[in-house]
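The structure presented is a predicted model; accordingly, all values stated were derived computationally and were not measured.
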Amino acid sequence: MSEQQTTLHIEGMTCTSCSAAVERSLKTLDFVLDAQVNFAGKKAIVRYSSEKNPDPVRAREVFFQAVKNAGYDPIDPLQKKAEGDKRLRDEGLKVLFAWIITGPLMVSMLLMMIWNIHLLPVAVDRWVNLIGASVVIFVIGWQVIRTTMLNFRHLNFTMDALIGIGTLAAFATGILRLAGAEVIDFTTVGAMIMAIHMIGNYIKVRATGRASQAIQALLELGAKEASLLLPDGTIRKTSVDQLKPGDRVRVLPGEKIPMDGIIRVGTTAIDESMITGESVPRDKGVGDQVVGATVNQMGSIEVEIQAVGEDSFLQRIVLMVEEAQNSRVPIQDFADSVTRVFVPAIMVLSVLTFIGWMIFGTPASQLLEWVSPILPWVDPSRSLVSQALAAAIAVLVIACPCALGLATPTALMVGMGKAAELGILIRNGEAIQAAKDLDSVVFDKTGTLTLGRPSLTDWKTADGVEQDFFFGILRGVEEYSEHPLARSLVDALKERKIAALGVIDTRVVPGRGISGYFQKNPLVKALVRVGKEKWMSEEGLEIPEDLSAVSKQWSSEGKTLVYAAEDNHILGVAALADPLKSDSIAAIRSLHELGVKTYMLTGDTKPAAEHIARQAGIDSVFAELLPEDKIHKVQELQAEGRQVAMIGDGINDAPALKQARVGIAIGTGTDIAIESADVTLISGQVTGVATGITLSKKSFETIQMNLLWAFGYNFIAIPLAMFGMLHPVMAEIAMALSSITVVMNSLLLRGRIEKALVGHKKEEGLI
């Protein structure tokens, strides 16, 4: 079955019960395969069958209607930021107008309750309270009431349902009082509950907006305009949104690369710190790839655009972060399952509280008399019906599961947003929970711990031979070779500004090396050879003892040796190897500090593997492995009960990345490895592994703190409300504060992560 996926942006949700209601509404559509709605991210990701509904436009229309049926507002993603700002302004205005009306009503109520002062005649006061509360509840708070009614129609119960029922019940007491019933008028209390709820909504919208700023910050990195080169040679400023593959743009020093492409004219240095984390600019020339949003530091260049929109590197990062933030972690499934039954259970408990007061009201009133000196808001003189209503309303209001629903997604958004800032892309929520339990990390060698390309690491010249002459012969001969090792050697000598000595009449000896003639003077030519030790021996050349000793040492370390000779004597020997990345040793040390055991799996020779392992500080090494051997080694470690992460960059690592509890791909590696992994280190720096584990631990600690707060709050507060020890207004204040506390605790996660990372760097001596 072919399937498609679309993302919907949704406004109006106030908790995860709301997002669950939208999710259920979307899943009722027969062509929907799966729907995941994230409250904190204000969006839904919907997978659907393109066979049952092949028209994407029509499908989105149906999805929009399903969201509306659940009581919420779908918005165009292009308008998301503007809608988010408008939503915050609207919530602020609701708070302002709600309290302009509720404030005087509250003052009037308190004066009457505490000092028996009536600002208005009693009959007039009741009507003023009723009219004022009507505006607050049914006009300003209409979204809450509307959602409550829709919830009952579809039997979906959210946080708004509890607030809506509580305010309606309080408002009903005013109607009953006007009708002559002997109950206390809680009309003003209903208005206060709604007004306090508006404050809580405003703070949550503002706070969750901050939690999702990682996405906005990534989007803001991109260029806004580009200098488009027209066919007639002129330049026209245009929006980057108008660029298409094949367009050429000019980028001046200090400007951002508008989109991914290839340099066609010019040389420069590019600041790629936003994707690599490296502060040192990289030299770039004709034919080199450049990434959108990176900064041109030096010369003017012309870039041919290759990828735009969702195909660009920056947009792929944004999509990965969004999908990760929208995913679930196992602990969230538990919280969501509790929330689904929590609201209807509280409704039943509220009814039982009312009935219980009506049956056992006398002993309960005696209890209130005992605690009233301690709790001044408790009034044991109220009628039994009034006490029963107050307790039932307080249970409804205080038990809103908003804090429980916010506990996981807000922490997840902050943690993953911070990870994206640090160059760590987490593809799913399960990985962030699993990473905290890792006790074993398995590394591929080539391209993961090492640079992935041979480099000149050591050299030694024979007695009496100048180093520059030795290097000059090496470069002069190897420039005629197409062998990858020869290319690496020439590149290394170029970096050292070594000039090539003129060599002519070169001849490649397959499997041995390359020879030629060096013109020493107009009359004399010398035969020069560059190649393996075996070839030198075959040609009758004797290796000096001092060169032979270092050669054996370098060979034991798995390095490749290249000899140079002139006529019948050896000039020197050079060693090439795939060197460790600059951060590999620090990365292994950081993992050991976290109590994690490290392994290396490689197809390279045992001497080379063991040398790299010793340099890096790896605990155990397995060499000369085939791709299928790597996955078997991971399985063996898992069979021992170890929680294993695999870090790799190549196609041959993909099976092991999938097998591991957490697969981590090097961002500079192959697309297949990246697609197979749960986590991608964009910069390619393996220090990101320890950073990711630390981030996982801190994120999960925050989720646990949030859940503990949410469960503990309800465990303590609900019994107090049932026994009439919490006024409905105080219950609403406590409920709002619990939700705000959970969100604020999640926002503090950024600081906890930064503090932990600074601590690790101090231990490593990096700062």
Side-chain angles (χ1 to χ4, degrees), residues 262-263 266-270 280-289 446-447 450-462 465-520 525-536 539 541 543 547 550-551 554-555 557-567 569-582 604-605 608 611-612 668 684:
I262 295 177
I263 296 177
T267 59
T268 186
I270 303 290
V280 179
R282 291 190 175 182
D283 292 333
K284 299 279 185 175
V286 174
D288 287 336
Q289 297 272 351
T446 306
T450 66
L451 293 176
R453 60 181 184 276
S455 179
L456 179 62
T457 58
D458 305 277
W459 60 88
K460 185 173 178 59
T461 58
V465 178
E466 293 184 2
Q467 181 177 290
D468 286 350
F469 180 71
F470 168 62
F471 281 159
I473 292 295
L474 279 177
R475 181 174 173 185
V477 174
E478 293 285 45
E479 280 189 340
Y480 291 96
S481 174
E482 296 299 324
H483 194 282
L485 284 175
R487 296 290 88 206
S488 297
L489 182 55
V490 170
D491 290 342
L493 295 173
K494 282 181 179 178
E495 290 177 6
R496 288 173 168 78
K497 310 298 183 186
I498 301 297
L501 296 179
V503 177
I504 60 173
D505 298 334
T506 57
R507 181 175 67 91
V508 174
V509 182
R512 298 292 189 271
I514 185 169
S515 65
Y517 290 92
F518 167 58
Q519 195 77 43
K520 299 180 75 170
K525 291 191 299 185
L527 174 65
V528 291
R529 304 179 186 88
V530 173
K532 295 180 177 180
E533 180 180 1
K534 182 179 179 181
W535 185 36
M536 299 298 161
E539 293 292 302
L541 301 178
I543 308 295
L547 295 187
V550 296
S551 296
W554 295 338
S555 293
E557 296 171 357
K559 296 177 180 178
T560 301
L561 305 183
V562 178
Y563 287 85
E566 180 189 18
D567 289 332
H569 61 276
I570 300 293
L571 297 175
V573 60
L576 293 99
D578 184 7
L580 274 176
K581 289 180 178 177
S582 59
D604 208 345
T605 63
H611 176 65
I612 290 295
T668 52

Over all atoms of both residues, closest heavy-atom pair of Ser488 and Leu576:
CB-CD2, 4.3 Å
Minimum heavy-atom separation for Ser551 and Tyr563, please, with both atom names.
OG-OH, 2.6 Å
With rounding to the nearest 0.5 Å, note down the distance linking CD1 in Ile263 to OG1 in Thr268.
7.0 Å
Taking atom CH2 of Trp535 and atom CD1 of Ile514, what is their separation to the nearest 0.5 Å?
8.0 Å
Lys284 side-chain N/O to Gln289 backbone N/O, donor-acceptor pair under 3.5 Å:
yes
Determine the minimum heavy-atom distance between Ala574 and Phe470, stating which atoms define it.
N-CZ, 4.0 Å
Pairwise distance NZ(Lys525) to CG(Asp567) - rounded to 0.5 angstrom
11.5 Å
Please tell me if the side chains of Val573 and Trp459 come closer than 4.5 Å, counting only heavy atoms from C-beta onward.
no
Could you tell me which non-hydrogen atom of Leu527 sits nearest to which non-hydrogen atom of Ser515, and how far apart they are?
CD1-CB, 4.5 Å
So does Glu478 get a backbone contact from the side chain of Arg487, meaning a donor-acceptor N/O pair under 3.5 Å?
yes
Does Thr506 reach the main-chain N or O of Gly516 with its side chain, forming a donor-acceptor pair under 3.5 Å?
no
Heavy atoms from other residues, nucleotides or ligands near CD of Glu466 exceed 12 (cutoff 6.0 Å)
no
List the atom of Leu541, the atom of His569, and the distance in Å for their closest heavy-atom pair.
CD2-N, 4.1 Å
Is there a donor-acceptor contact under 3.5 Å from the side chain of Asp578 to the main chain of Pro454?
no
Before you tell me yes or no, could you show the steps for Asp468 and Ile498 under side chain to side chain contact (heavy atoms under 4.5 Å, CB included), namely the whole-Å CA-CA distance, both residues' side-chain angles and the distance that decides it to 0.1 Å?
CA-CA 7 Å; Asp468 286 350; Ile498 301 297; 4.1 Å; yes
Got Asp458 and Val550 here, is their nearest side-chain heavy-atom distance under 4.5 Å?
no
Closest heavy-atom pair, Ala499 versus Arg475, reported as atoms and distance to 0.1 Å, is CA-NH1, 4.2 Å
I'd like to know if the side chain of Arg512 and the backbone of Val530 have a donor-acceptor N/O pair within less than 3.5 Å.
no
I'd like to know if Lys520 pairs up with Glu566 as an ion pair, taking the criterion as any Lys NZ or Arg NE/NH1/NH2 lying under 4.0 Å from an Asp or Glu carboxylate oxygen.
yes
Check whether any side-chain heavy atom of Leu456 lies under 4.5 Å from a side-chain heavy atom of Leu489, and answer yes or no.
yes
Spacing of CG belonging to Leu501 relative to CZ belonging to Phe518, to within rounding of 0.5 Å
5.0 Å
Are there more than 12 heavy atoms of other residues, nucleotides or ligands under 6.0 Å from atom CZ of Phe469?
yes
